[in-house]
Amino acid sequence: MDVVAEIDRERITALLREGKRIDGRGFDEIRPITINQGLISKAEGSSEAWLGQSRVLAGVKIQVGTPFPDTPDEGVVITSAELSPIASPVFELGPPKEEAIELARVVDRGIRHSSSINRTSLCIKSGEHVYMVLVDLYVLADHGNLIDTASLAAITALMNTQVPKVNITEEGTAEILEETFPFKMSAPPLTITFAKIDDTLIMDPSLEEEQVMDGRLSIAIDGDDTISSMQKQGSVPFTYQEVIESVERASKIVKKMRKQLPQR
Amino acid sequence: MSGKNTEVEQPLIDAKGLRTDGRKLDELRPIRLEVGNLSRADGSAYIEHGRNKIVAAVYGPRELHPRHLAQSDQALLRVNYRMATFSVSDRKRPAPSRREHEISMVLRQALEPMLFLKMYPRAAIDVFIQVLEADGGSRCASATVAALALADAGIPMRGLVAGCASGKIDGKIAMDMNDIEDKIGEADVPVVMCPERGEITLLQMDGKLTQKELAKILQMSEDGIHRIHEMQKAVLLEKYAQIRKEIGEVPEEEAEVLAAQKPEIEKDEAEKPKATKKRTKPVKAEKKEDETKPAKKEKKTKKKTESESS
């Protein structure tokens, strides 16, 4: 973690008491979103998402595999993430650490438990062949709130995905065809993260705010306005009231965000 | 997932003497370069070479961790080449492969002779190369982009290296092989060179070649590398012309002229990265200097005219 001067924390908290943020945003104002889809032609789907200067590239690869025994009729969607050193001087090489694993899992759960992906539609032959959709996230620049940036990248990459058709041969093996169809997805889950600094909850924390925050709460709001995943991070407690209010605030912003996403 | 079904019988050169992507035998794939594209790195660059898409980030010279690796007489250069899982047709497993380890090593050795490591004892210079999409010759394109990122980080260098993999397809010698040519061609020779110094810093080969063919391939690659080298210098100059324009050091029109003429300006100018070094990081500091010390400013203008006339 970067060393943050006590003076930075004081400046940020003093501003928050006046109802201001260090970069001039409102408490419920997220940084501008930019989405570039289809950059990687060898991936079945790809998208680069920018949230302010934070930047994550997501690529989707599709394989044919066997389903899990308890869900023989469902395809598999797995998200993983790498905090590559190109994204920040404090990221190091080596197997994914706590932070990268948390990032991947939070994004994964947001998508996995959302009703926007009908996993039975990813079944090719019950109990034998299903589509395995592998979403890999590469962080290119960390300027704070990687969870929301990565979740945007993952979702817009899935929206960009073309699934190859599969033929089951007489011997029962799966043969991948040239022909494709678009990945089916209804209104996707969107993740909103709050940083808790003293007793204030601010949306979409920047790197500076993340460095001084006490805790964090990420909420994924699904297409039907239900909640599809949550994650509290940091060793500071949240009150019941704070949680309920955050969900309410997130839901409002997510409605606005949906209009900014590319349509398919 | 393998999208393409390449038949081995498919000719790599057609009746008109053109290759599968429509190129002539001595033609490079289209190349696009950017510098300073990664906001958190000390230096960074991006290359599109054919369908290769590669980013490189440089940090340092910085404190070396773990400290027991520190060398008392020089800096440690660490180079890490990694491919994204979706950069190839069949998903690559996320853990580093033997291939990635080997390429990291040969790239480190390709860059090392360009650096003045003795200037920074006990420190580390880290180069991270991430292949986002691979298309044949990715190690050569990685060398090209890593050299640019090092220059962008303001690290003094003896020269810029660039890479080009030529080889033999359908019995003929061809420059800058693409994916299919690399896979089903007869020989592949990745070369990284510093053209200003005539030094080969990376050389690998697999396939079958006569001595004459090898000589021809090396000459062809050198020719390609010269062309790539001009593009490297151009993109660095463009960035610094832009910075000087932003800080008001060069009037707008002049900056445009500079940017437009760049390849000719520099043809015989050696040790370019040294000059770029001064202009990299301390944009703010320079601004202050300019306000307080007019003498320094004069020096810089002199330099600018020098480079124009050469």
Side-chain angles (χ1 to χ4, degrees), chain A residues 2 39-46 48 50 52-55 57-64 78 80-82 84-96 100 104 131-144 157 161-164 166 174-180 207, chain B residues 1-5 37-46 48 50-60 62-63 65-66 78-96 100-101 104 124 126-135 138 145-146 149 153 179:
Chain A
D2 280 347
L39 301 168
I40 309 294
S41 49
K42 282 195 180 162
E44 274 76 49
S46 60
E48 182 189 58
W50 295 68
Q53 277 190 287
S54 279
R55 181 179 171 199
L57 174 67
V60 180
K61 292 301 279 183
I62 295 184
Q63 297 174 342
V64 176
I78 303 169
S80 44
E82 194 165 316
S84 158
I86 63 172
S88 164
V90 297
F91 295 166
E92 283 170 11
L93 285 177
Y131 285 112
M132 320 258 301
V133 181
L134 303 162
V135 185
D136 286 298
L137 299 163
Y138 286 82
V139 181
L140 297 180
D142 176 17
H143 290 269
T161 298
Q162 290 289 327
V163 185
V166 168
E175 182 192 13
I176 291 149
L177 305 175
E178 291 273 319
E179 216 180 321
T180 61
L207 191 64
Chain B
M1 182 160 296
S2 48
K4 57 176 177 284
N5 252 329
N37 55 305
L38 295 172
S39 50
R40 298 281 324 264
D42 293 338
S44 60
Y46 172 70
E48 279 180 23
R51 275 167 62 189
N52 282 305
K53 295 186 177 71
I54 306 170
V55 288
V58 168
Y59 295 94
R62 64 176 176 180
E63 197 177 334
H65 293 288
R78 292 184 289 194
V79 175
N80 183 265
Y81 164 98
R82 291 293 303 278
M83 291 176 88
T85 54
F86 46 76
S87 63
V88 280
S89 304
D90 293 310
R91 180 178 186 264
K92 195 199 86 74
R93 300 167 68 92
E100 285 167 301
H101 280 298
S104 297
D126 288 312
V127 181
F128 300 105
I129 299 161
Q130 180 76 58
V131 178
L132 303 175
E133 185 161 4
D135 172 33
S138 77
V145 74
D179 218 1

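The figures here come from the full heavy-atom set of this structure, side chains too, leaving out hydrogens, waters and symmetry mates. Naming convention: chains lettered A, B, ... in sequence-line order (proteins, then strands); numbering from 1 in each chain.
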Would you say [X] and [Y] make side-chain contact, with heavy atoms under 4.5 Å?
X: B:Ser39; Y: A:Arg55; value: no
X: A:Ile86; Y: B:Arg82; value: no
X: B:Asp90; Y: A:Gln63; value: no
X: A:Leu93; Y: B:Arg78; value: no

Does any backbone or side-chain atom of [X] lie under 4.5 Å from a heavy atom of chain A? Answer side chain, backbone, both or neither.
X: B:Val58; result: neither
X: B:Ser87; result: backbone
X: B:Ala95; result: neither

Check your understanding: Taking B:Lys53 for the side chain and A:Ile40 for the main chain, is one N or O donor matched with an acceptor at less than 3.5 Å?
Key ->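 Flag not set: sc B:Lys53 to bb A:Ile40 has no pair under 3.5 Å.
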[X] and [Y]: which non-hydrogen atoms are nearest, and at how many Å?
X: B:Ala84; Y: A:Tyr138; result: CA-OH, 3.3 Å
X: B:Leu38; Y: A:Leu140; result: CD2-O, 3.6 Å
X: B:Arg40; Y: A:Asp142; result: NH1-O, 2.8 Å
X: B:Ser89; Y: A:Lys61; result: O-NZ, 2.7 Å
X: A:Ala43; Y: B:Phe86; result: CB-CB, 3.8 Å
X: A:Ser84; Y: B:Gln130; result: OG-OE1, 4.0 Å

Heavy-atom cut-off 4.5 Å, strictly under: side chain, backbone, both or neither for [X] against chain B?
X: A:Ala58; result: backbone
X: A:Glu82; result: side chain
X: A:Ser80; result: side chain

**Study point:** Spacing of CG belonging to A:Leu39 relative to CG belonging to B:Leu132, to within rounding of 0.5 Å
**Key:**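 So the CG of A:Leu39 and the CG of B:Leu132 are separated by 9.0 Å.
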